[in-house]
Amino acid sequence: MDNVRVRFAPSPTGYLHIGGVRTALFNWLYARRHGGTFILRIEDTDQARSTDESMNAIIQGMDWCGMDYDEGPGKEGPHGPYFQTQRLDIYKEHIDRLLANGRAYRCKCTPEELDERRKAAMAEGRPPKYDGRCRDLGLTEGVIRFRAVEEGKTVVNDLIKGTVTFDNSVMDDLIIMRTDGWPTYNFAVVVDDATMGMTHVLRGDDHLNNTPRQIQIYEALGYKTPEFGHLSMILGPDKARLSKRHGATSIMQYKEMGYLPESMVNYLVRLGWSHGDQEIFSMQEMVEHFSLDTVSSSAAVFNPDKLKWINHHYINNKPAGEIAGLLMPFVAQEGWAAGQDYVEKVVLVQREKCSTLVEIIEASRYFFVEPEMDPKSAEKFLTAETNPVLQRLIELLEFMIVFTHEPLEEAFHKVMEETGLKMGKVAQPVRVALTGGVVSPGIYDVLEILGREKSLDRLKRAVASITPA
RNA sequence: GGUCCCUUCGUCUAGCGGUCUAGGACGUUGGCCUCUCACGCCGAAAACACGGGUUCGAGUCCCGUAGGGAUCACCA
């Protein structure tokens, strides 16, 4: 399989969707696996709905995920341009060919008339297809329709679904050029995929029903058809196609929620593809093992819990310095002044209990600002009884030369010996004093990161807040 | 409604006719560890949609049924 050419062809009418990312990813992997070319094409013929923001979001999202393209916006190649709105001449030329060989004709039916007939047909239980009334009128004005072949069958040898046979009687004469002079989707994709030399078309299986009509267009134009592979859909928990009402669906939303790109890609690749029992894949491993043979043909429900688990994995396995770097924008957003070295120390002690960058931030406020005291924790652990314990600890810490794990541990043990209290009885009050709550990393780590000054400050304040018995 | 696709634990999946008393992962759950929360470790519950074939033998092949999804635009 040489010279593989595949593409991702989104329409810039919204943000880059999770489903779109997966489609892009499978194409990208296929290209990289086979040393082929990955093309990004922008399907912007619906100019009313297309926006530059959307296009930027798509490019940004793909970049974030680590999917680079070889040809596309900003990377002109031999088959450009890569915006459909810049390819009008190409479409016109192909329309002319169809008009010339009799495979296309003008139609003067108005949208209103068509709509009416469609409804009537539906009501009577007839298939709502165009009746072909303008077929042989030889009109010179109006939209242009493709003259479909209605006899026989069209077979799609799908790389994922297998052989799918369509009866041509279901085909009707679809409009290929609108009143405004722009081509419609089914025609434009064919012209683009053919002229851009695509060898494989991997896309969502919502396009499977379009494929036989597209094949007819390829044939009418005298082009060789590419290989097709239809990926199953990603579903929401209710088994309906994943959409905004299921929550976050834009890839950049996940970035904001504190997910790492490798988590998204790793999670998404496992939605429909597998390599034995392996769950964790680096990009390199994916490229190495990816195959259409192991792509599932059934739809998959998006599972946020598993995504979290994968994100937890990456947060805990990437170098802490990198995680700290990713955290800096979040730190800035909170308005906290801290250097990356300090953040890295926090990462080291916090990440094992966190699944997202945002969770690290939320669990770490007291490392950056004065904590808010949780009343319940204070009531339970900052009591008249624990007061002397804290006071004794303060004395010991005041005179400590190096404020690090081992001497801190020694100090705690000394207090425990003197008071006969167990670790839990000493650590919890300290934890509450330092963090305002009952959950934190190991107490020596908290003390060390906070440092002597802040630690003593908070301990003293806690002591002062306790009313003696 | 027509057409098309899909159907293994709640979820993602392994399985490509015998090695399946069906494996892994997320989640759930019991225990251990323990200065809290976690992590980690050890265990548990949990699935071949149903009915017919084909075959010596079917989760694996075929046909129905049911359920789910997609699609039927001068949107992509």
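Reminder, nothing fancy here: chain letters follow the sequence lines and each chain counts from 1. The structure displayed is predicted, hence computed values, not measured ones. Side-chain atoms are counted along with the backbone in the values below, which use heavy atoms only and exclude waters and symmetry mates.
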Rounded off to whole Å, could you give me the CD-to-P distance for the A:Glu279 and B:G27 pair?
11 Å
Under a 3.5 Å cutoff, is there a donor and acceptor pairing between the side chains of A:Asp238 and A:His246?
yes
Would you mind telling me which of B:C5, B:U11, B:C35 lies closest to the side-chain atoms of A:Val164?
B:C5
Separation between the C1' atoms of B:U11 and B:G31, rounded to whole Å
26 Å
Please state whether the rings of A:Trp273 and A:His275 are parallel, tilted or perpendicular, taking 30° and 60° as the class boundaries.
parallel
Expressed in angstrom and rounded to an integer, what is the separation of A:Asn266 atom CG from B:C26 atom P?
13 Å
Are A:His17 and A:Val21 packed together at the side-chain level, in the sense that at least one heavy-atom pair is separated by less than 4.5 angstrom?
no
Output one letter per nucleotide in nucleotides 36-44 of chain B: B when a protein non-hydrogen atom lies under 4.0 Å from the base, S when only the sugar-phosphate is that close, - when neither is.
BBBS-----
In whole Å, measure the gap between the P atoms of B:U28 and B:U55 for me.
48 Å
Any side-chain donor paired with an acceptor under 3.5 Å for A:Asp44 and A:Ser50?
no
Yes or no on side chain to side chain donor-acceptor pair (under 3.5 Å) for A:Thr163 and A:Asn157, after CA distance, side-chain angles and deciding distance?
CA-CA 5 Å; A:Thr163 303; A:Asn157 285 116; 3.2 Å; yes
Between B:G59 and B:G18, how far apart are the two C1' atoms, rounded to whole Å?
13 Å
When you check the gap from the basic side-chain N to the acidic O, do A:Lys119 and A:Asp115 get nearer than 4.0 Å?
yes
What does A:Phe166 touch in the nucleic acid at a heavy-atom separation under 4.0 angstrom: a base, only the sugar-phosphate, or nothing?
sugar-phosphate
I need the NZ-P distance between A:Lys306 and B:C9, as an integer number of Å.
14 Å
What's the OH-C1' distance between A:Tyr267 and B:C12, to the nearest Å?
6 Å
Write down the distance separating the P atoms in B:C6 and B:G10, rounded off to the nearest Å.
22 Å
Roughly how many Å apart are B:C33 and B:C41, using the C1' atom of each and rounding to a whole number?
8 Å
Quick one about A:Ser364 and A:Gln350 (side-chain donor to acceptor, distance below 3.5 Å, no hydrogens or angles considered), yes or no?
yes
Select base, sugar-phosphate, or nothing to describe what A:Gly204 touches, counting heavy atoms under 4.0 Å on all strands.
nothing
If you measure from the C1' atom in B:G15 to the same atom in B:A22, how many Å do you get, rounded?
8 Å
The side-chain hydrogen bond (donor to acceptor under 3.5 Å, both in side chains) partners of A:Ser298 (sequence neighbours excluded) come to A:Ser296
Roughly how many Å apart are B:U3 and B:U60, using the C1' atom of each and rounding to a whole number?
28 Å
Main chain of A:Gln214, side chain of A:Asn186: is a donor-acceptor contact present, judged purely on distance under 3.5 Å?
no
For atom C1', what is the distance between B:A46 and B:U29, given to the nearest Å?
11 Å
Strictly under 4.0 angstrom, non-hydrogen atoms only: write out the protein contact profile of nucleotides 64-76 of chain B, one letter per nucleotide from the 5' end, B, S or -.
-----SBS-SBBB
